[in-house]
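Since the structure comes first, as structure tokens, the remarks are kept for the end.
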Amino acid sequence: MRDLRKEPIQTLFLGTDWESREILNALYNDKRFKITGVITNEDKLIGRKQILTPSKVKEFALKHNIEVFHTNSDTEKYKEALERFNPELIVCIAFGEILPDFFINYPKYKSINIHFSILPKYRGAVPVQKAILDGEKETGISIMIMSQEMDKGDILKIFKEPILPNDTNISLRERLVKVSCKVLGNVLEEWVEGKIVPQKQDDSLATYCWQKDISKENAQILWESMEPEYIERMIRAFIPWPVAWCMWKDKRLKIFEAQLVKKENNEKAGTLFISNSQLFIATKEKNVCLSVNTLQIEGKNAMNYKEFINGFGKDIKEGV
RNA sequence: CGCGGGGUAGAGCAGUGGCAGCUCGUCAGGCUCAUAACCUGAAGGACGUUGGUUCGAAUCCAACCCCCGCAA
């Protein structure tokens, strides 16, 4: 049997953001794999000032002298990449492009992808956010063989992870990345050594999530109609983008952190009020309020409820 | 030149031509069984930068820097 520690697998890595970078870092430091190159997006214009910024994966690769390649969804470029790197294995994490069939099936050990859900549930672009928004109790990572159809490939292994009551899209994602880094190398080794039999997904149980589910429009809090529990989940799911928001005195108010509390009140849903030096927003339920910790008003930096009360308190009615 | 809001004490804000203010925090003291509560006192500011108008500018004018929301 091949000893991966003496003869590492020639691996081509595809990815873009910080999650990809963390996982790339784990593989890079794993003697069983030799990262021969990375494919990532072209530098993009980012932020209000539109600064040309390289992807996190590209930054990492340049720093560690790994060859960087751009494909730009161009079939010819994919052919070129295979000739250039001749990979035994492709690992793809959060890479934006649709990959051609010949490309993903080329390597001896196929193309492997990690998806942040328990497949076949939450196939698609925003599984972590949607799982929180739906109030799911657990999610996980699915390591699978890539197929032409999105997130439909055969499963090598699934690792479950509980969704905690105060988990945000960021905190949960960080744990999922951590788990991924920890287990991916071992799963890949078992796979290469033929110890894993890939399992087909049961398509009849599949659910999907789309980028448009997590949009600015869907991040608007409708106090009159939405259930308090749903509002609280929105706040956790829409971090760091687009951030749950509502209007207050003709300004946009973003809510970064808040909890539901039991509190009798007579305020109209969506009204801000202060009680016991705490900031609350009334929901449509008379005995449930949102206790706000961190918020941001249009034109200002984010601030905690105390700072908000210091400056804006006189504009808010003292309640209950 | 995409649209708009803003920069004043450590923090959040008020102050639109005439002594630099409020709330919170900090420090000292007091009260209290005790406290994130309350009382007394104190420290802490080139009012984003540069230039202009004026007897006098945080305030009016010009340019620039920085932060934020929207749009992309």
Side-chain angles (χ1 to χ4, degrees), chain A residues 16-18 40-59 70 72-73 94-98 124-126 129 133 166 168-170 209-224 226 231-265 267 269-282 288-320:
Chain A
T16 307
D17 56 20
W18 69 271
T40 188
N41 294 346
E42 292 275 10
D43 298 3
K44 282 203 308 196
L45 297 172
I46 279 197
R48 202 190 332 269
K49 287 193 236 173
Q50 297 289 286
I51 296 168
L52 198 61
T53 311
S55 75
K56 299 290 183 193
V57 165
K58 183 170 179 177
E59 271 181 4
H70 300 297
N72 295 321
S73 300
F95 182 59
E97 301 174 22
I98 307 285
V126 288
Q129 293 97 317
L133 196 57
N166 58 350
T168 66
N169 176 43
I170 293 177
C209 55
W210 313 99
Q211 187 61 59
K212 66 174 172 7
D213 293 331
I214 305 300
S215 63
K216 289 192 183 195
E217 193 178 49
N218 287 339
Q220 180 172 14
I221 300 173
L222 305 170
W223 298 98
E224 305 277 353
M226 287 175 171
I231 293 172
E232 192 271 341
R233 295 201 300 269
M234 286 170 75
I235 292 164
R236 291 185 286 120
F238 292 142
I239 299 286
W241 187 92
V243 186
W245 61 277
C246 60
M247 296 306 286
W248 182 69
K249 292 186 183 294
D250 293 326
K251 300 230 177 186
R252 189 177 288 239
L253 186 72
K254 289 184 173 178
I255 302 177
F256 283 82
E257 197 188 341
Q259 292 87 39
L260 287 180
V261 293
K262 283 217 177 305
K263 185 168 186 63
E264 293 289 339
N265 70 92
E267 307 297 336
T271 306
L272 276 69
F273 66 95
I274 298 169
S275 175
N276 273 333
S277 301
Q278 301 271 317
L279 178 64
F280 297 96
I281 304 181
V288 179
C289 288
L290 200 64
S291 170
V292 182
N293 286 329
T294 312
L295 70 168
Q296 179 176 29
I297 196 159
E298 186 178 324
K300 299 290 185 182
N301 285 313
M303 61 184 92
N304 66 39
Y305 72 95
K306 246 178 166 169
E307 294 167 328
F308 184 81
I309 290 172
N310 279 339
F312 297 89
K314 58 186 178 328
D315 297 334
I316 310 172
K317 71 161 108 172
E318 193 82 25
V320 195

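Note that the coordinates shown come from a computational prediction; the quantities given were computed from them, not determined experimentally. So you know, we letter chains A, B, ... as the sequences are listed, proteins then strands, and number each from 1.
Between A:N41 and A:N72, every side-chain heavy-atom pair lies at or beyond the 4.5 Å cut-off.
Remark: B:C22 base-pairs with B:G12. Criterion, Watson-Crick or G-U wobble with two distances under 3.5 Å. A 3.5 Å limit on both hydrogen-bonding distances identifies B:C3 as the Watson-Crick or G-U partner of B:G69. When both pairing distances are held under 3.5 Å, B:G29 makes a Watson-Crick or G-U pair with B:C39. Across all strands shown, B:C64 forms a Watson-Crick or G-U wobble pair, both distances under 3.5 Å, with B:G48. A 3.5 Å limit on both hydrogen-bonding distances identifies no Watson-Crick or G-U partner for B:G56.
Of the N and O atoms on the side chains of A:S55 and A:T40, at least one donor lies less than 3.5 Å from an acceptor on the other residue.
A:L279 places its CG atom 13 Å from the C1' atom of B:G12, with the value rounded to the nearest Å. If you take CG of A:N293 and C1' of B:A36, they are 15 Å apart, rounded to a whole angstrom. When rounded to the nearest whole Å, the span between CH2 of A:W248 and P of B:G5 equals 18 Å. Distance, A:I51 CD1 to B:C66 P: 10 Å, rounded to whole Å. In this structure, CD of A:E307 is placed 14 Å from P of B:G10, rounded to the nearest angstrom. Here the C1' atom of nucleotide B:C22 and the CG atom of A:D315 are 13 Å apart, to the nearest Å. Protein atom CE of A:M303 is 12 Å distant from nucleotide atom P of B:G7, rounded to whole Å. Regarding A:K249, its NZ atom lies at a distance of 14 Å from the C1' atom of B:C13, rounded to whole Å.
B:C22 and B:C55 have their C1' atoms separated by 31 Å, with the value rounded to a whole Å. Across the P atoms, B:C47 and B:G51 are found 13 Å apart, a figure rounded to whole Å. When the P atom is used for both B:G2 and B:A58, the distance is 33 Å, rounded to whole Å. Only the C1' atoms considered, B:C60 is 16 Å distant from B:G15, to the nearest whole Å. Comparing B:G30 with B:A46, their C1' atoms are spaced 37 Å from each other, to the whole Å. Comparing B:C19 with B:C1, their C1' atoms sit 43 Å apart, to the nearest whole Å. Atom C1' of B:U32 sits at a distance of 9 Å from the matching atom of B:C38, rounded to the whole Å. Here the separation of B:C27 from B:C66, taken at their C1' atoms, is 32 Å to the nearest Å.
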Assess whether salt bridge (Lys or Arg N to Asp or Glu O under 4.0 Å) is satisfied between A:D43 and A:K58, documenting all intermediate values. CA-CA 9 Å; A:D43 298 3; A:K58 183 170 179 177; 3.0 Å; yes
Please report the C-alpha distance between A:W248 and A:F308 in whole Å, then the side-chain angles of each, then the deciding distance to 0.1 Å, and finally whether the ring pair (Phe, Tyr, Trp, His ring centres under 6.0 Å) criterion is met. CA-CA 13 Å; A:W248 182 69; A:F308 184 81; 5.5 Å; yes
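Annotation: side chain to side chain donor-acceptor pair (under 3.5 Å) contacts of A:Q259 (sequence neighbours excluded): A:N293.
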Give the B/S/- string for nucleotides 67-72 of chain B, one per nucleotide from 5' to 3', where a protein heavy atom under 4.0 Å of the base yields B, of only the sugar-phosphate yields S, and otherwise -. SBBSSB
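Listed here is the closest heavy atom pair of A:E267 and A:F273: CG-CD2, 3.6 Å.
Nucleotide B:A11 is shown with an anti base, its glycosidic torsion being more than 90° from 0.
Within 6.0 Å of atom CG in A:L45, more than 12 heavy atoms from other residues, nucleotides or ligands are found, so the atom counts as buried in its surroundings.
For the pair A:K251 and A:F312, nearest-nucleotide mapping onto RNA chain B gives the more 5' position to A:K251.
Between A:I281 and the options A:I221, A:L295, A:I255, A:T271, a side chain to side chain contact (heavy atoms under 4.5 Å, CB included) holds for only A:I255.
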